[in-house]
Amino acid sequence: MQHPQSPSRWEEQRSFDQLGRPLRDLTFCVVDLETTGGSAAQGSMITEIGAVKVRGGEVLGEFQTLVDPEGPIPAFISVLTGITDSMVVAAPRIDTVLPAFLEFAEGCVLVAHNAPFDVGFLQHFAAAQQRPWPRFEVLDTARLARRLVTRDDAPNCKLSSLAQLFSATTTPNHRALADARATVDVLHGLIGRLGAQGVQTLEELQTYTSRVTSAQRRKRHLAEPLPEKPGVYLFRDDDERVLYVGTSKNLRTRVRSYFTASETRSRMGEMVRLAARVEGIECATPLEAQVRELRLIAQHKPRYNRRSRHPERTHFVKLTREAWPRLSVVTRVADDDADYLGPFGSRGRALEALEALHEVFPVRQCTQRLGKRPRGSACALAEMGRCLSPCDGSVDALTYDAVVRSLRETLVSRPDEVVDLVLHRMADLSAEERFEDAGRHRDRLAAFVRAAARTQRLGSLTACPEVVAARREDDGRWAVHVVRRGRLAAAGVIPSGSDAHAFVDVLRAGAETLEPERAQAPGPVPAATAEETEKVLRWLEQPGVRLVEVEGEWTCPVAGAGRSLALLAPAGHGTGRERTRDGGGERAQRTGRPRGDGAARHATGAAAAGAAVVASGS
């Protein structure tokens, strides 16, 4: 909110021409919500609404109220927002608050940071109350920032980062009104940048795109040789170095878009200026294109691809196999019969998961090798009660082995002991208002549960020497994929009128043969990167997928980590509204046996169950 004595950021836009609806004359209602989770459709409720009405840089009014969620607030939310059950017990319910808010926002342009989240919640409850939703025009400051703010300006487009960039007078703190006030300042800062680019009206802002240079237009011919078919495209420079790799269902149309106003990313404009040639690789299916893209990015490491360039940079938490086992962080999976958790994308995430495990299991943390009858002295951790201290004989082998067996079961199939204990400690810390300590426990638990779910999902597929599956795609044709040890080995589409059995047999016969070291390597991702296997899993778990052949058993533990992922959904509900793609729910056991039925041999719909791919912040 602007102080009266401070010069308004809106003064930067005073010279706008009177075209369309000038931004300076519009009334914006900047809104922010706090909720009990990430999805209203899945039962999450609103706990607080904050809004600021502003026009021409002047605040016209504010709206703030807590909301009774009609149920307990998860510990994650209390840690994140500071909103507790006792604070909302006497608050009005959403069926009372929503009409009041809609009256406050009437006639305004709604603004929110990650507007689909906030507006989606409001629309959901309006529909639940059978209340007509006003035809608000909506602006998303997060989306706008992604077009206007570079990495040199801010590390990301979270509200906290943008508030710092634009010197907001209010610091976001995960409370609705404070975050809405900060978003007002961010909105003014973004519109200041838009004004410098000639954007003067709401109509221009809604259709805003970066300007296309003449150099970009002159390179439109690079798209002409490409087919109008699905596949992968590679931009190359004069020295044939790969600048960027992408995928599309229509190669020519997608590459053409890089030379038009529809391409808004400034770094892509720089990439196009350097490009001398575009290479297209046709693919039989979208999944094949996605996998080829990953492999090409890992191979060439293009400077303009930000993600997937270094799949080799992974870490694992290892439970060693020795007389007195311990946990450690390693960079690769060895053939040593040990148990591994991962992969993690960073050592920091791996250490967070390791710390969560050490909270529950007092196995030794020292790194020296111990004989069966060690003779040493106790360390500080033993004196604190956080280590069983086998080094000085404080624990016998049978007792220590029992703890290790419980730890191994937690890693492999049942994370409940860690989840329950850490959640209990978080609740205690929240009750004591030690939110920072509770937040650290939350981060450790999130790292562990996501990694455990990822390990179980990847390991269940990579344990199978071969899985063949088919699905009728949107165009009505059957796509078939051969997956070996979690790696996509072949892809094809059954031609109309062809014998499905014969096609599948030919596809399997011509599929990639894994090298012995890949086919027999240990660990959850022996034959492919974790990201490739996750893409394969995402396709296999779609509704309508039919298993044709399964060699081995494809299983996931019903009591595994996947069912705990839903507890972590609120952890992604930050000021920047970053989202996790965690799945939840129980896993059905999946085993395959050859069948003959219809267009292809399949095990009906067995792959339809399962949660979404886990993008572990790892």
Side-chain angles (χ1 to χ4, degrees), residues 1 30-40 42-52 62-94 97-98 101 112-122 124-125 141-142 158-164 168 170-184 186 422-446 566-580 582 617:
M1 183 172 63
V30 182
V31 63
D32 184 86
L33 308 181
E34 299 303 330
T35 69
T36 62
S39 171
Q42 295 181 10
S44 299
M45 301 293 289
I46 296 173
T47 57
E48 188 178 34
I49 298 179
V52 180
E62 294 183 336
F63 179 99
Q64 187 276 332
T65 180
L66 291 168
V67 182
D68 180 5
E70 305 177 58
I73 299 175
F76 285 115
I77 294 301
S78 292
V79 170
L80 190 68
T81 67
I83 300 174
T84 62
D85 291 333
S86 61
M87 294 171 61
V88 297
V89 67
R93 299 192 306 180
I94 189 61
V97 172
L98 184 59
F101 169 77
H113 199 72
N114 191 18
F117 177 88
D118 300 275
V119 176
F121 262 86
L122 295 171
H124 172 87
F125 287 105
T141 51
K158 295 179 182 179
L159 181 57
S160 55
S161 301
L162 297 174
Q164 185 174 2
T170 302
T171 300
N173 62 359
H174 303 284
R175 291 301 299 270
L177 184 56
D179 287 7
R181 288 170 173 168
T183 305
V184 169
V186 169
V422 176
L423 285 177
H424 181 72
R425 288 182 178 172
M426 285 174 54
D428 289 344
L429 291 168
S430 298
E432 298 171 10
E433 297 188 354
R434 294 169 58 188
F435 298 124
E436 188 173 341
D437 292 336
R440 280 195 291 269
H441 280 74
R442 175 202 64 202
D443 293 341
R444 294 171 185 171
L445 179 61
L567 296 172
L568 302 177
H573 179 79
T575 305
R577 299 297 192 258
E578 54 270 31
R579 297 261 105 38
T580 56
D582 295 349

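Atoms considered below: every heavy atom in the structure, side chains included; atoms not considered: hydrogens, waters and symmetry mates.
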_Step-by-step side-chain contact (heavy atoms from CB on, under 4.5 Å) determination, Thr47 to Thr81_ = CA-CA 10 Å; Thr47 57; Thr81 67; 5.6 Å; no

*What distance do Ile77 atom CD1 and Thr35 atom OG1 have between them, rounded to the nearest 0.5 Å?*
5.5 Å

*Answer yes or no: is there a side-chain heavy-atom contact under 4.5 Å between Ser430 and Thr84?*
no

_Would you compute the distance between atom CD1 of Ile46 and atom NE2 of His124 and round it to the nearest 0.5 angstrom?_
9.0 Å

*side chain to side chain contact (heavy atoms under 4.5 Å, CB included) partner of Leu33, chosen from Val119, Val67, Asp179, Leu122*: Leu122

*Would you give the length of the straight line joining atom OG of Ser160 to atom CG of Leu162, rounded to the nearest 0.5 angstrom?*
8.0 Å

*Mind checking whether Ile94 and Ile49 have side chains closer than 4.5 Å, heavy atoms only?*
yes

*Between Thr36 (side chain) and Met45 (backbone), is there a donor-acceptor pair under 3.5 Å?*
yes

_Tell me if the CD atom of Gln42 is crowded by more than 12 foreign heavy atoms within 6.0 Å._
no

_Validation row: Arg181, Leu177 side chains within 4.5 angstrom (heavy atoms)_ = yes

*Minimum side-chain heavy-atom gap Glu34-Ile83 below 4.5 Å*: yes

_Tell me whether the count of non-hydrogen atoms from other residues, nucleotides or ligands lying under 6.0 Å of CD in Glu432 goes above 12._
yes

_For Phe435, ring-ring contact (aromatic ring centres under 6.0 Å, His included) partners two or more places apart_ = none

*Considering residues at least two apart in sequence or located in another chain, which fulfil the ring-ring contact (aromatic ring centres under 6.0 Å, His included) criterion with Phe121?*
Phe117

*Closest heavy-atom contact between His113 and Thr141?*
ND1-OG1, 2.8 Å

*asked:* I need the minimum non-hydrogen distance between Ala182 and Thr170, along with the two atoms involved.
replied: CB-O, 3.5 Å

*Under 4.5 Å between any side-chain heavy atoms of Leu80 and Ser78, yes or no?*
no

*For the atom pair CZ (Arg93) and CD (Glu70), what is the distance rounded to the nearest 0.5 Å?*
4.5 Å

*Minimum-distance pair of heavy atoms, taken over all atoms of Ala91 and Leu66*: CB-O, 3.6 Å

_Listed partners of Asp437 passing salt bridge (Lys or Arg N to Asp or Glu O under 4.0 Å), at least two apart_ = Arg434, Arg440

*Heavy atoms, side chains only, cut-off 4.5 Å: are Glu48 and Asp32 in contact?*
no

*Do other residues, nucleotides or ligands put more than 12 heavy atoms under 6.0 Å from the CD atom of Gln164?*
no

*asked:* One pair to check against side-chain contact (heavy atoms from CB on, under 4.5 Å): His441 and Val79. What are the steps and the verdict?
replied: CA-CA 10 Å; His441 280 74; Val79 170; over 6 Å; no

